[in-house]
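These numbers come from a predicted model, not from an experiment. Positions are given from 1, in the same order as the sequence printed here. Every number for a ligand or one of its atoms is a count from 1 in the order of the listing.
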Amino acid sequence: MSTSFRLSGPLTLRGSVRLPGDKSLGHRYLLVSALARGRTLLGNPGSGEDLRATLRLVESLGVRVECREGEWLIESPGWRKLKAPRAPIDCGNSGTTARLGCGLLAGLGLPAELLGDASLSRRPMERVITPLRRMGARIQSTDGCLPLRLEGGSLQGMTYRLPVESAQLKSALLLAGLFASGETTILEQGGSRDHTERLLGLQLEAQESGRAWQVQASTLEGLLDRWPRELSLPGDPSSAMFLVSAALMHENSQLELQDLLLNPGRLHTLQLLRQAGAGLEWELRQTVLGEPRGRLRLRGGGDWILPDLRAADLPLLLDEVPALAALALQRGQRWQVEGAGELRIKESDRIAEILRVARAFGVEGQEGPEGFRLSGGPLRPPGEIQAGADHRIAGMLWALSCGLPESPHIHGREVLGVSFPELPQLLRSLGSRK
Ligand code: S3P
């Protein structure tokens, strides 16, 4: 059933909250919990559907998961006793489940089939299939997309230079490499999210041509030896960006986000905003499994300009472009994004979707294969608009609505369920019309 929703703004956001757990960490912690024999209690998993897809994947291998209020209890027989799934695994909308899951299943040598929804079934998987085949994996796919059939077998380590800056690809290969014979070395030019490297405790080997990451069987042993039996997920900084954007739209906003993931690679958006003059500060409180976390404080308003985004910025803030676009639109400014071709193959073609939203609000835009430009100017909000099939575009619409006196009816609220179903309620509880 499709639901429509409307915020009566403009909304000032005030208060202090802890956001649902980071999605990238959630997938990884679930996968490792499935490898570690015994019980792991995972706190703050949130209620996003993406993480449920990884939960289905681990359950299909024989891991038991009890979902309690605000925490999941995971009980695994240990990686040596995981079983081949009896039915295809439905990865839903989750690219991280499909790609990391493919790497892990290939490493475990378990036959399995991976499926996804219509959007995930259009996204490229050959970037993972090609290098995994080089390691010896037998993987069938008709057109380099889901469904994929893994046929089992053992892997050999390899040295591989990533052809695209993708954390999902890098992580899939590092996970596969944990079970391969010999060493697996992954070379990357720039840098994408480094959660898997931090989790595995990898040492950075800086090379002239970029960075090198190496794993082998002992990396897995070390990880399982130090695996904590109880851990909780810090708040998701990509989800936070919708609140941050919405709050920055009003002078009177004052927001505090507690226990937020402060991984330096995930702070790029906040750093750009702070450098531009936005009232943001954060403070590190602790580091858990190599991941810094702490508190973010924000004051709204201010006379600053959202900087254009360059190719070098993109791998570190790809998921946050829709939230930033909401801010650019609300501020009525011209805004340009370059080197963002990967946006076209996310859960939707996000370049086309951002321009669809801009045009619906009366703002012109131009697009190229790898980027776009918004021409700025006053907003003329429509009476209603479709959220579409992409959760981050839906989040963009919610954030933008907080900045408007008359917000449109947003149809299709349920797509937010992929990552951040809590967003409308949070905006309502933190927001007031002062
Ligand atoms: C993710 C990596 C990023 C990001 C995605 C989650 C991850 O994708 O956009 O939402 O958890 O590894 P890339 O593989 O394009 O870096």
List, for ligand 1, each N/O atom that has a protein N/O partner under 3.5 Å away, with both atom names and the distance.
unit_1, atom_1, unit_2, atom_2, d
ligand 1, 8 (O), Lys346, NZ, 3.1
ligand 1, 9 (O), Asp319, OD1, 2.6
ligand 1, 9 (O), Asp319, OD2, 3.3
ligand 1, 9 (O), Lys346, NZ, 2.7
ligand 1, 10 (O), Asp319, OD2, 2.7
ligand 1, 11 (O), Ser24, OG, 2.7
ligand 1, 11 (O), Arg28, NH1, 2.9
ligand 1, 12 (O), Arg28, NH2, 2.7
ligand 1, 14 (O), Ser166, OG, 2.6
ligand 1, 14 (O), Ala167, N, 3.3
ligand 1, 14 (O), Gln168, N, 2.9
ligand 1, 15 (O), Lys346, NZ, 3.0
ligand 1, 16 (O), Ala167, N, 2.8

Report yes or no: is the cationic atom of Arg331 (NZ for Lys, CZ for Arg) closer than 6.0 Å to the six-membered ring centre of Trp304, at no more than 45° off its axis? yes
When the side chains of residues 99-108 are checked against the rest of the protein, which donor-acceptor pairs come out under 3.5 Å, sequence neighbours left out?
unit_1, atom_1, unit_2, atom_2, d
Arg99, NE, Pro124, O, 3.3
Arg99, NH1, Gln168, OE1, 2.4
Arg99, NH2, Pro124, O, 2.7

By salt bridge (Lys or Arg N to Asp or Glu O under 4.0 Å), which residues pair with Arg68, not counting sequence neighbours? Glu66, Glu71
Less than 3.5 Å apart, which donor and acceptor atoms pair up between the side chains of residues 132-144 and the rest of the protein, not counting sequence neighbours?
unit_1, atom_1, unit_2, atom_2, d
Arg133, NE, Ile139, O, 3.2
Arg133, NH2, Ile139, O, 2.6
Arg134, NH2, Thr159, O, 3.0
Arg138, NH2, Glu151, O, 3.4
Arg138, NH2, Gly152, O, 3.4
Ser141, OG, Gly144, N, 2.8
Ser141, OG, Cys145, O, 3.4
Asp143, OD1, Cys145, N, 3.3

Salt bridge flag under 4.0 Å for residues Arg373 and Asp308: no
Does Gln203, at its CD atom, have more than 12 non-hydrogen atoms belonging to other residues, nucleotides or ligands within less than 6.0 Å? no
